[in-house]
Amino acid sequence: MIRITEDTLDINAITNEVIDPACGGIDVFVGTVRNQTKGKEVTHLFFETYESMAISEMNKIASLIKEKWPVQKISIHHRVGRVEIGEVVVVIAVSSPHRKEAFEACQFAIDTLKNTVPIWKKEFLKDGEVWVSAYP
């Protein structure tokens, strides 16, 4: 399942989406909001997206993963809107017959998502606000 939402992400529910009797490995990446960046205190984040393009790019990532690894199921969920410190921003869950492929596919998914999916992050700092790149 691919989803962009303003709602709180449920890690257990997303993990359950990829359970498959043919799979012995499930890897889950969870990205959360941290309270600092580059020595500055972060109060919260705000995410915007071009949703239809983002969904299309996330589906491409899932397709690429299924071409490269024997992944049975993949689920990618990303928050938009205001997200508070400690809240979950992104969850990627991947299931495959063996753990190595699940780890590799999950790493590929988050790295590619940050590089290709049009989701933008604004950091709200104690002393201002700034739009930032997905890569530090």
Side-chain angles (χ1 to χ4, degrees):
M1 173 177 242
I2 305 294
R3 190 169 140 222
I4 293 175
T5 181
E6 291 187 16
D7 300 332
T8 300
L9 298 179
D10 181 337
I11 298 166
N12 288 330
I14 295 167
T15 302
N16 285 336
E17 291 175 358
V18 301
I19 289 176
D20 187 286
C23 294
I26 294 175
D27 191 55
V28 179
F29 173 79
V30 178
T32 61
V33 177
R34 64 179 179 266
N35 66 358
Q36 55 78 32
T37 185
K38 300 177 183 171
K40 294 187 174 188
E41 185 176 344
V42 174
T43 61
H44 64 279
L45 300 178
F46 187 85
F47 292 88
E48 284 188 2
T49 187
Y50 176 11
E51 188 168 343
S52 62
M53 176 78 79
I55 294 289
S56 174
E57 291 300 314
M58 291 161 79
N59 277 309
K60 284 182 190 173
I61 292 169
S63 294
L64 284 171
I65 285 172
K66 288 187 174 182
E67 289 174 16
K68 295 177 94 160
W69 292 279
V71 166
Q72 295 297 309
K73 295 180 180 174
I74 182 165
S75 191
I76 305 172
H77 295 243
H78 203 294
R79 290 273 305 269
V80 291
R82 182 179 172 133
V83 187
E84 303 296 331
I85 303 300
E87 287 190 306
V88 176
V89 174
V90 60
V91 179
I92 299 172
V94 176
S95 62
S96 69
H98 303 287
R99 68 181 178 273
K100 181 180 178 190
E101 293 84 6
F103 284 132
E104 291 173 354
C106 200
Q107 173 81 48
F108 176 84
I110 187 62
D111 290 347
T112 306
L113 182 146
K114 287 181 147 270
N115 199 27
T116 65
V117 177
I119 297 174
W120 303 281
K121 176 173 71 174
K122 189 173 194 177
E123 291 177 337
F124 287 82
L125 310 167
K126 203 147 190 160
D127 60 353
E129 57 193 56
V130 62
W131 287 100
V132 295
S133 166
Y135 286 102

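As the structure is a computational prediction, the values presented were derived from the model and not from experiment. The chain is numbered in sequence order, starting from 1.
Side chains of I119 and K114 form no contact here, defined as non-hydrogen atoms less than 4.5 Å apart. Within the 4.5 Å cutoff, side-chain heavy atoms of L125 are placed close to those of T37. Proximity of E51 to V80: side-chain heavy atoms (C-beta onward) are nowhere separated by under 4.5 Å. Under the 4.5 Å side-chain criterion, counting only non-hydrogen atoms from C-beta, K121 is not in contact with V89. Contact of the E87 side chain with the R79 side chain is registered, since non-hydrogen atoms from C-beta on lie closer than 4.5 Å.
T116 meets the side chain to side chain contact (heavy atoms under 4.5 Å, CB included) test with E57, I61, T112; sequence neighbours excluded. Remark: T15 engages I11, I26, V28 in a side chain to side chain contact (heavy atoms under 4.5 Å, CB included) (not counting sequence neighbours). Take H44 and apply the ring pair (Phe, Tyr, Trp, His ring centres under 6.0 Å) test, not counting sequence neighbours, and it matches F124. Shown here are the ring pair (Phe, Tyr, Trp, His ring centres under 6.0 Å) partners of H77, two or more places apart in sequence or in another chain: there are none.
Minimum heavy-atom separation, P70 to P97: O-CD, 3.0 Å. Contact record, I92 with C106: O-SG, 3.7 Å, taken as the closest heavy-atom pair. Considering every non-hydrogen atom in both F46 and R82, the closest pair reads CD1-N, 3.5 Å.
Cluster partners of M1, using a side-chain heavy-atom cutoff of under 4.5 Å among ILVMFWY residues and allowing indirect links: none.
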Problem set entry | Trace of the side chain to side chain contact (heavy atoms under 4.5 Å, CB included) decision for V94 with W69 | CA-CA 10 Å; V94 176; W69 292 279; over 6 Å; no
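The salt bridge (Lys or Arg N to Asp or Glu O under 4.0 Å) contacts involving residues 61-76 comprise D20-K73, where partners must be two or more places apart or lie in separate chains.
Counting heavy atoms of neighbouring residues, nucleotides and ligands inside a 6.0 Å radius, atom NZ of K100 does not exceed 12 of them.
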